[in-house]
Amino acid sequence: RDLNVVRKLIETNITALLQNASSAIKTDLIHLLQQAEIAAGNDVLVRWVDDGNESSVTRIAAMQLLTERKDPRSQKIIENGLEDKDPHLRIAAGRILAQRHPRRAAMLLVPIVQRSTSQAERQQTLATLGTLSEPRVATALAGWLDQLCEGRFPEDLHLDLIEAAKRQNDPEVADKLAAYRNTFSP
């Protein structure tokens, strides 16, 4: 069908469509809004992101679309997402923040590796930190590599730390990674 016809039909009825959508199709509706480049419905999307009863997939898709659209509320949504009880939403918020505001992401994500109780969140945070070329990240990685050499870094995160450190171009991180490798028996 002609996409312009579909776009007009949707734009005319988007608010009612979103407000009455069943949980089963909310994510599909978000993808439709994105693909058809329909700029309406942001208020409903904000409510979905904030609603802890919505599925993680719906909340994440809504947050991503709002940030792609540069909705003025997206920065607050991302920061709230970093504090949400859902670790999947926190992980997604961290990735989005790293893409949009690397310096701020470095400041907010480094503590997550130490304080989170979710192994998946800690692993994904390390992966995200590995993509950031920020001094704060390099300092944190170097410190964690020291802990790794001393046997004080959480064992379930060793590989994640090594992978994040390998992505960095910082000489201190490279030296600490080499020092760790030198602890192995020949």
Side-chain angles (χ1 to χ4, degrees), residues 10 14-134 136-137 140-141 144 153-154 156-161 163-165 167-168:
I10 294 171
I14 192 60
T15 302
L17 184 63
L18 292 173
Q19 288 176 341
N20 296 312
S22 71
S23 296
I25 66 165
K26 286 180 178 178
T27 305
D28 293 329
L29 281 173
I30 293 168
H31 293 300
L32 176 64
L33 292 174
Q34 187 175 26
Q35 289 173 347
E37 298 176 356
I38 297 169
N42 285 6
D43 292 338
V44 176
L45 295 176
V46 168
R47 282 196 301 272
W48 289 355
V49 174
D50 291 340
D51 186 352
N53 294 321
E54 289 291 343
S55 74
S56 297
V57 175
T58 297
R59 295 177 76 199
I60 291 167
M63 182 172 54
Q64 288 171 332
L65 183 56
L66 287 164
T67 55
E68 283 175 22
R69 291 178 172 182
K70 297 181 176 148
D71 185 281
R73 299 165 286 189
S74 62
Q75 185 64 33
K76 182 72 174 155
I77 289 168
I78 292 168
E79 292 191 15
N80 288 346
L82 289 171
E83 300 297 325
D84 198 85
K85 65 180 180 178
D86 181 349
H88 300 290
L89 190 71
R90 293 192 308 259
I91 291 166
R95 282 190 192 136
I96 292 169
L97 185 63
Q99 293 167 353
R100 305 239 181 247
H101 306 287
R103 184 167 290 141
R104 181 122 175 93
M107 185 178 75
L108 295 174
L109 296 180
V110 166
I112 290 174
V113 175
Q114 300 292 68
R115 73 168 196 244
S116 178
T117 57
S118 166
Q119 181 179 350
E121 181 178 20
R122 295 169 80 190
Q123 289 173 316
Q124 291 299 317
T125 300
L126 279 168
T128 300
L129 289 171
T131 66
L132 298 176
S133 297
E134 292 291 327
R136 183 181 193 114
V137 172
L141 290 172
W144 293 330
F153 194 76
D156 57 351
L157 298 174
H158 285 189
L159 181 59
D160 304 289
L161 174 59
E163 290 298 316
R167 290 183 171 153
Q168 291 290 307

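Note that the structure is predicted; figures quoted are calculated from it, not measured.
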Less than 4.5 Å apart, any side-chain heavy atom of [X] and any of [Y]?
X: Asp43; Y: Thr15; result: no
X: Leu97; Y: Gln75; result: yes
X: Trp144; Y: Val110; result: yes
X: Glu163; Y: Leu126; result: no

To the nearest 0.5 angstrom, please state how far the [atom1] atom of [X] sits from the [atom2] atom of [Y].
X: Ile10; Y: Ile38; atom1: CD1; atom2: CD1; answer: 4.0 Å
X: Leu65; Y: Asn42; atom1: CG; atom2: CG; answer: 7.0 Å
X: Met63; Y: Leu89; atom1: CE; atom2: CG; answer: 4.5 Å
X: Thr27; Y: Glu54; atom1: OG1; atom2: CD; answer: 8.5 Å
X: Leu45; Y: Thr58; atom1: CG; atom2: OG1; answer: 10.5 Å
X: Asp71; Y: Thr67; atom1: CG; atom2: OG1; answer: 9.5 Å

For the backbone of [Y] and the side chain of [X], can you confirm whether one donor and one acceptor N or O come within less than 3.5 Å of each other?
X: Ser116; Y: Ile112; value: no
X: Arg100; Y: Ala105; value: no
X: Arg90; Y: Lys85; value: yes
X: Glu134; Y: Pro102; value: no
X: Arg59; Y: Val49; value: yes
X: Asn20; Y: Ala16; value: yes

Nearest heavy atoms of [X] and [Y], plus distance in Å:
X: Leu132; Y: Ala106; answer: CD1-N, 4.0 Å
X: Phe153; Y: Val113; answer: CZ-CG1, 4.4 Å
X: Gln168; Y: Leu141; answer: CG-CD1, 3.3 Å
X: Ile14; Y: Ala40; answer: CG2-CB, 3.4 Å
X: Gly41; Y: Leu18; answer: CA-CD1, 3.6 Å
X: Asp156; Y: Gln123; answer: O-NE2, 3.9 Å

Would you say the side chains of [X] and [Y] form a donor-acceptor pair under 3.5 Å?
X: Glu68; Y: Gln64; value: no
X: His88; Y: Glu121; value: no
X: Thr125; Y: Thr128; value: no
X: Gln114; Y: Arg122; value: no

- Query: Heavy-atom count around Arg103 CZ within 6.0 Å, excluding the residue itself: above 12?
  - Reply: no
- Item | Residues Glu79, Arg73: salt bridge by 4.0 Å N-O rule | no
- Run the side chain to side chain contact (heavy atoms under 4.5 Å, CB included) check on Leu82 and Leu109 step by step: do they pass? CA-CA 9 Å; Leu82 289 171; Leu109 296 180; 4.0 Å; yes
